[in-house]
Trainee: 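Here it is, the structure in full.
Bear in mind that the values here come from a model prediction, so they are computed numbers and not experimental data. Proteins come first, then strands; the chains are lettered A, B, ... in the order of their sequence lines, and each starts at number 1. The basis for the numbers below is simple: all heavy atoms, side chains too, and nothing from hydrogens, waters or symmetry mates.
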Amino acid sequence: MDLAFTQEEGAFRAEARSWLHAHVPSTPLPSLETEEGFAAHRAWEAELAADRWSVVDWPAAYGGRDCGLVRWLIFEEEYYAAAAPARVSQNGIHLLAPTLFAHGTEEQRARILPPMASGHTIWAQAWSEPAAGSDLASLTSRAVRTDGGWLLSGQKTWSSRAPFADRAFGLFRSEQHTAKPHQGLTYLMFDLRAPGVTVRPIARLDGKPAFAELFLDDVFVPDEDVIGEPGQGWHVAMSTAANERGLTLRSPGRFLAAADRLHQLWRTQGSPHAMRSRVADAVIGARAYQLFTYAAASRFLDGEPLGAEASLNKVFWSEYDIALHETALDLLGPEGELADTAWSEPYVFALAGPIYAGTNEIQRDIIAERLLGLPKGRR
Amino acid sequence: MDLAFTQEEGAFRAEARSWLHAHVPSTPLPSLETEEGFAAHRAWEAELAADRWSVVDWPAAYGGRDCGLVRWLIFEEEYYAAAAPARVSQNGIHLLAPTLFAHGTEEQRARILPPMASGHTIWAQAWSEPAAGSDLASLTSRAVRTDGGWLLSGQKTWSSRAPFADRAFGLFRSEQHTAKPHQGLTYLMFDLRAPGVTVRPIARLDGKPAFAELFLDDVFVPDEDVIGEPGQGWHVAMSTAANERGLTLRSPGRFLAAADRLHQLWRTQGSPHAMRSRVADAVIGARAYQLFTYAAASRFLDGEPLGAEASLNKVFWSEYDIALHETALDLLGPEGELADTAWSEPYVFALAGPIYAGTNEIQRDIIAERLLGLPKGRR
Amino acid sequence: MRFLLDPEQHAFAASLNGLLTAADTPSVIRDWSRGDHSGGRALWSRIAEAGVFALAVPEEYDGLGARPVELAVAFVELGRYAVPGPLVETVAAAALFTEPALAKRFLPSLAAGGTMATLAPMDSQYALDGDAATTHLSLTPDGLRLAPGPATPARPSLDPARRLTPLLPGGELLSPTPPTEQALTWARLATAAQALGVGEALLDRTVAYVRQRTQFGVPIGSFQAVKHRLADTKIALEFARPLVFGAALTMSPADVAAAKVTACEAAYAAARTALQLHGAIGYTAECDLSLWLTKARALRGAWGSPDECRDVVLSARA
Amino acid sequence: MRFLLDPEQHAFAASLNGLLTAADTPSVIRDWSRGDHSGGRALWSRIAEAGVFALAVPEEYDGLGARPVELAVAFVELGRYAVPGPLVETVAAAALFTEPALAKRFLPSLAAGGTMATLAPMDSQYALDGDAATTHLSLTPDGLRLAPGPATPARPSLDPARRLTPLLPGGELLSPTPPTEQALTWARLATAAQALGVGEALLDRTVAYVRQRTQFGVPIGSFQAVKHRLADTKIALEFARPLVFGAALTMSPADVAAAKVTACEAAYAAARTALQLHGAIGYTAECDLSLWLTKARALRGAWGSPDECRDVVLSARA
């Protein structure tokens, strides 16, 4: 058991730090949930990719450095410590790419991953439907077989990044009247500007169009954009969902950096005693999350599956993130009400944490049933 | 809407205060959960009763002053502010007496209430059974008809006060094979020293025998000790249970006095900043509980039923009580670990709050279903 | 002691409730957020006609006398409908105009709804809705000033219906020794009552939502985790309510501070619960729920943070 | 970076676990609480033979060298079985004996289990289990003293298995400048690990109970409110665990303090949940659960309150 990094890992950290120091914009980019900000963040992705920093853990063939999980964690620590921009390509990198690595064809990977790595193609996710949220298997959008491909129809919602993104991926019902609702689903990718697609932006609490409704009317998707076997989409997607809740959605570096900034804010505000416990808990929580992740990564490298433990991770970070940002707003005093401080948009973003990527209620059910072995109830 | 007390109420308060000032023992009595302490508290009940302070809201015929709910609240505020002893007779006064007022015969009231008021007869409750806790209706102890009365058999548990008390009351199954489990139950009173009764004291977390298991083997109970109609016990008991969760189980005076002592402790310890929020919340919570109770009492005096609102009250005071005592232990620093401080036994006592008198889980179900109108689930 | 609203107070609440139900406040709020104050001004007049501002004005200046209980009744309803505008600030302004000359000059119009006053507290550079207000007041180290107007631009609040405007410096010195503490007490009472109404609206809307939203074939309101979370919301609001009305009766700064922190924390907790149980739909600006969610957060910090209020409670006992 | 226990560390945990399973600790604990230390002393010897105390003793004094990770492994198991006695205090004592003369005099016996040391911290008048200990140490303003023995009577702890004894004043001055901070760090690490084990035992016992206890015709563990509460307990413990082992690797006072507060809060929360979900049976002294419940509360305050530990965390970053 040790926490020491190798000399090579130290050199990698130093190289990342130095690159970030030279490249991170000195003033924050505009919010990525605006048209202007989206473009600026896309350009930043290209800048990262130019020096192979956008997907460090991917194979070199697709734009990465094949650097492994530990260096990815190191990179993320440096990335957020450098206050580098949010990653507009995260849906693709964290959700779609792992699915392609696990279930895609070589042709799909070669075609899709490099433009994802460079920010040329930005991906939106298209999971939820109005009547299928936590109960994702109940979705009804259809994929109907046609010559050389499929025709998609129906409605998707809470499609994050969709207002400005290029393409999307999701599950569609390709067989009706199956024995169980999660059978007969197919995992497809489609173009958000294809004929038949209508994107209706939806504004988040702070008014920014962070997601969209997608209306699909006989949208053609060629066979080459099916991932895995038709009808096996649930299985294909669940490996993505497990990943989504796992190590990569929120890297420890993000919270270590946020806790540092919170501690700094507390000191700037005169180190008020009444807030000390909450600031200390934020600092401690970031360290706990880092070490929990190191342990999970070590197990993963030993070949152990992560599985339901990802649910522990999801509940922890999402509640931690809100508590940290609430503490920051409270430290700001009357300024904490303002919507344009450095803490305002991250606070609004954090509020979504317990809802998306599997609500925390669903996660607690999973923890109780799969990790603790409690009986399934009717909830 | 007003919070002002009448001149007569003010005079009543002054009279109570002055009597308490003259009579409350200057050193605390030993714990009532010990044999010695039980006897001392019984003597204190007699002292209260001698000047008609033990049951101020009862009719004068039974030892009270018929003073009404408002003066009862006033008395309780003065009682706890004076740091007067805990009430060893509370099971009888708060649980059995209201049942007798509602469902007892005049003969029963005349026979039972005066010795209850004087501390001559101390009552234990005998509700729970090993397999019937939250699911109280599933109890199996039997009452079998015999000449002139009933024979009780079976096992009761968590019978508070039973190790040193005189008599007990509870529900027994007098009809088998009813359509629903809460049918065919009868409410009976019995002597804890009657032939066939075995009392096995059970020690609380701190080792004190605060309750007992009761083993009953053909214990004879005369017909005169049935309350209400045989077979109607559930209905009779539920009016008691509603009362148990309602206004009288924890009077606001108790928490106002505890919050005052907590605030005093905080100041004695140098008013530590880190504890300020918790102390303030205790002070505010006591006031909230007082005013909530005043409002409930005002509605009650208007003739409105209290009903499911008692569940709000139960969850509030039980969680409040624990938080207050945890704060006190934390304020004591290393001394907080000791079992013999003024805060130790009340802390242990508070820990039982969310469990007894209907667990807080059951209370939250009631609030959700009866006050908010949410659908009954399988829990 | 009879700690219940009188029938007249109930009737007043019901009539305000009717007025506000008819007013379609969500569209008024959305217009207000975009800087279109016409609907909000019209609503302001109707609220004034109902006598709300007159409850903070002595009878000799065309008011109904200082009636904090009725004011609290009114502000619960204003919060329940998330009515926009410097409502609290106008009440606080009324409490500042105690000197006869000022009272005569400002109060009749304030009671009648002709004055929409805003006020920058001592510890903040911002006044609420300065772009809409007709009277701009600053509490400065010199005393109470009539500011020349709002400075632009306003800063946005997390609640889009609250526009925080710096005030232009200088202006007429109205009073070197204004009754600041009294104004703060009125402001906190009104904020506490408003927060209580916001919290109750959040609970009601969420209860309605979880009864009709189904997942896994049943209403999500039948899940015990959902039920218990809403039960906790109900408990917090039901114990905040008596503090608000108790404070209105005593108007002691400590009682009012206790009501403020408790009602605002209960409302913010209700907001967190409402958001979680609505799921993604609750996170959108187009869902009306957002109008209450964001207000709950803003009120929590307005006119005294939770910690400041707790300090007042303990200091009063020292 | 490989932040996982090695196979040897797992094997060490498993062998201790086997030893303790066989020891019937509940009856040992109950005897200890009554002042009968025979079973506790025998167990102490077996724990020493397993090498636990030697993990805090340099090799030249018959120890295994300072091995805080293995020590943490051991204390998790000691907590899991609620082993009584001044375990933490003996480890802290080992860290105090750095001067060669003291080390030579005390450490070999300590490593071998012949010494059961207790220690009154600077801010407390009490030493744990002074009536059972063979060596009584006081940290006084003068330095480290070998106290003449325990004063009677001991004061009872909320955990009946912990007897808090004042020490007699005076005694031999062992060192005017003992390494107090280092001893505190070892004590906190051991307490944190012990608390983690206590919390895990509470969770395991409660999960087992709610699976078999039925009400309303079903196991209470199928109720969502019960499931979610246990899920939260699991989360808190699983995020405390890496802090404990991370602290054992760095042994920085701040990391150890972070582990201490987090593990102890998680264990106490586990105790509150365990009590609530067991219901009345959990509230009895005769239910073995009580042996863990009361210990969780006591450990929370021992060797640094939550607030003191949080201070250390923030001060280290200043």
Side-chain angles (χ1 to χ4, degrees), chain A residues 1-6 9 70 73-74 259-260 263-264 266-267 271 273 276-281 283-285 287-299 301-302 304 309 311-316 319-320 360-361 363-369 371-379, chain D residues 1-6 9 69-70 72-73 203-204 206-208 210-211 218-224 226-250 254-255 257-259 261-262 265 306-307 309-318:
Chain A
M1 169 169 251
D2 76 85
L3 284 169
F5 293 102
T6 63
E9 286 162 348
V70 171
L73 288 166
I74 291 171
D260 275 346
H263 181 237
Q264 207 50 53
W266 178 66
R267 293 180 60 192
S271 306
H273 279 288
R276 195 167 52 184
S277 289
R278 292 166 69 192
V279 173
D281 286 346
V283 167
I284 294 168
R287 175 73 170 162
Y289 189 72
Q290 178 189 38
L291 293 174
F292 180 92
T293 305
Y294 283 4
S298 300
R299 275 196 301 278
L301 293 171
D302 269 13
E304 286 183 41
E309 286 178 33
S311 295
L312 300 169
N313 179 309
K314 164 72 208 297
V315 177
F316 184 87
E319 300 200 336
Y320 172 85
N360 284 10
E361 286 76 17
Q363 306 294 355
R364 287 191 174 91
D365 284 346
I366 293 172
I367 292 165
E369 291 167 15
L371 293 179
L372 300 178
L374 293 176
K376 257 183 135 51
R378 227 198 64 196
R379 293 196 180 81
Chain D
M1 191 282 285
R2 190 176 179 284
F3 190 53
L4 284 180
L5 293 179
D6 302 330
Q9 291 163 337
V69 173
E70 282 76 8
V73 167
L203 175 61
D204 290 348
T206 307
V207 166
V210 302
R211 283 164 60 99
V218 294
I220 63 173
S222 66
F223 297 147
Q224 200 183 27
V226 170
K227 289 159 89 160
H228 283 201
R229 195 151 174 184
L230 289 169
D232 284 334
T233 306
K234 176 76 173 166
I235 293 166
L237 291 167
E238 289 298 325
F239 280 86
R241 166 174 285 276
L243 286 175
V244 171
F245 287 101
L249 282 170
T250 71
D255 283 350
V261 58
T262 308
E265 293 287 25
D307 279 332
C309 289
R310 291 189 178 103
D311 277 359
V312 172
V313 170
L314 290 188
S315 304
R317 300 167 62 93

Trainee: Is it the side chain or the backbone of A/Asp260 that comes within 4.5 Å of chain D heavy atoms, both, or neither?
Mentor: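 Both parts, backbone and side chain.
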Trainee: Could you tell me whether the side chain of A/Arg276 and the main chain of D/Asp307 form a donor-acceptor pair under 3.5 Å?
Mentor: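 Not at all, since once roles are kept as given, no pair shorter than 3.5 Å links the two residues.
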Trainee: Flag the one option from A/Ala280, A/Ala368, A/Ser271 with the top tally of heavy-atom pairs under 4.5 Å to chain D.
Mentor: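 It is A/Ala280.
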Trainee: Can you name the closest pair of heavy atoms from A/Ala295 and D/Leu4 and give their distance?
Mentor: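 Taking A/Ala295 first and D/Leu4 second, the nearest heavy atoms are O-CD2, 3.8 Å.
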Trainee: Which atoms of A/Arg267 are under 4.5 Å from chain D, going by heavy atoms: the side chain, the backbone, both sets, or neither?
Mentor: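 Just its side chain gets close to chain D.
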Trainee: Is the shortest distance from a Lys or Arg side-chain nitrogen in A/Asp281 or D/Arg310 to a carboxylate oxygen in the other one below 4.0 Å?
Mentor: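 Salt bridge between A/Asp281 and D/Arg310, a charged N being under 4.0 Å from a carboxylate O: yes.
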Trainee: Return the CD1 to CG distance between A/Ile367 and D/Asp232, rounded to the nearest 0.5 Å.
Mentor: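 Atom-to-atom, A/Ile367:CD1 and D/Asp232:CG are 7.5 Å apart.
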Trainee: Using 0.5 Å steps for rounding, measure from the CZ atom of A/Arg287 to the CG atom of D/Leu243.
Mentor: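 Between A/Arg287 CZ and D/Leu243 CG, I get 7.5 Å after rounding to 0.5 Å.
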Trainee: Tell me, for D/Val207 versus chain A, whether the close heavy atoms (under 4.5 Å) come from the side chain, the backbone, both or neither.
Mentor: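 When you check distances to chain A, atoms from both the backbone and side chain of D/Val207 fall under 4.5 Å.
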Trainee: Name the option with the most non-hydrogen atom pairs under 4.5 Å to chain A; the candidates are D/Ile235, D/Thr262, D/Leu5.
Mentor: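 The residue among D/Ile235, D/Thr262, D/Leu5 with the greatest pair count is D/Ile235.
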Trainee: Hey, which of D/Asp255, D/Asp311, D/Asp204, D/Asp6 has the most heavy atom pairs under 4.5 Å with chain A?
Mentor: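 Of D/Asp255, D/Asp311, D/Asp204, D/Asp6, D/Asp311 has the most heavy-atom pairs under 4.5 Å with chain A.
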Trainee: Any side-chain to backbone donor/acceptor pair from A/Ser298 onto D/Phe3? Under 3.5 Å, distance only.
Mentor: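 Flag set: sc A/Ser298 to bb D/Phe3 pair under 3.5 Å.
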Trainee: Given 3.5 Å as the limit, does a donor-acceptor pair link the side chain of D/Lys227 with the main chain of A/Pro375, or not?
Mentor: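 Flag set: sc D/Lys227 to bb A/Pro375 pair under 3.5 Å.
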Trainee: As an exercise, state the distance from CZ of D/Arg317 to CD of A/Gln264, rounded to the nearest 0.5 Å.
Mentor: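 Nearest 0.5 Å value for the CZ-CD distance: 9.0 Å.
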Trainee: Under 4.5 Å from any heavy atom of chain A, what part of D/Gln9 do you find: side chain, backbone, both or neither?
Mentor: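 Only the side chain of D/Gln9 comes within 4.5 Å of chain A.
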Trainee: Using a 4.5 angstrom heavy-atom cutoff, name the option from D/Leu230, D/Val261, D/Val226, D/Thr250 with the most pairs to chain A.
Mentor: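 Among the listed options, the one with the most contacts to chain A is D/Leu230.
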Trainee: Can you see which heavy atom on A/Leu372 is nearest to which on D/Arg211, and at what distance?
Mentor: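 Heavy atoms of A/Leu372 and D/Arg211 come nearest at O-NH1, 4.4 Å.
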Trainee: Nearest 0.5 Å, what's the CG-CD distance between A/Asn313 and D/Glu238?
Mentor: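 Going from CG on A/Asn313 over to CD on D/Glu238, the span is 12.0 Å.
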Trainee: Among A/Arg299, A/Glu319, A/Glu9, which residue forms the greatest number of heavy-atom pairs with chain D at distances under 4.5 Å?
Mentor: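 That would be A/Arg299.
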Trainee: Would you indicate whether the side-chain heavy atoms of D/Arg2 and A/Asp302 approach each other to under 4.5 Å?
Mentor: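 Yes, side chains in contact.
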Trainee: Output the distance between atom NE2 (D/His228) and atom CD (A/Glu361), rounded to the nearest 0.5 Å.
Mentor: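 D/His228 atom NE2 to A/Glu361 atom CD measures 6.5 Å (nearest 0.5 Å).
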Trainee: What's the spacing between A/Leu374 CG and D/Ile220 CD1 if we round to 0.5 Å?
Mentor: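 Here the interatomic distance stands at 10.0 Å.
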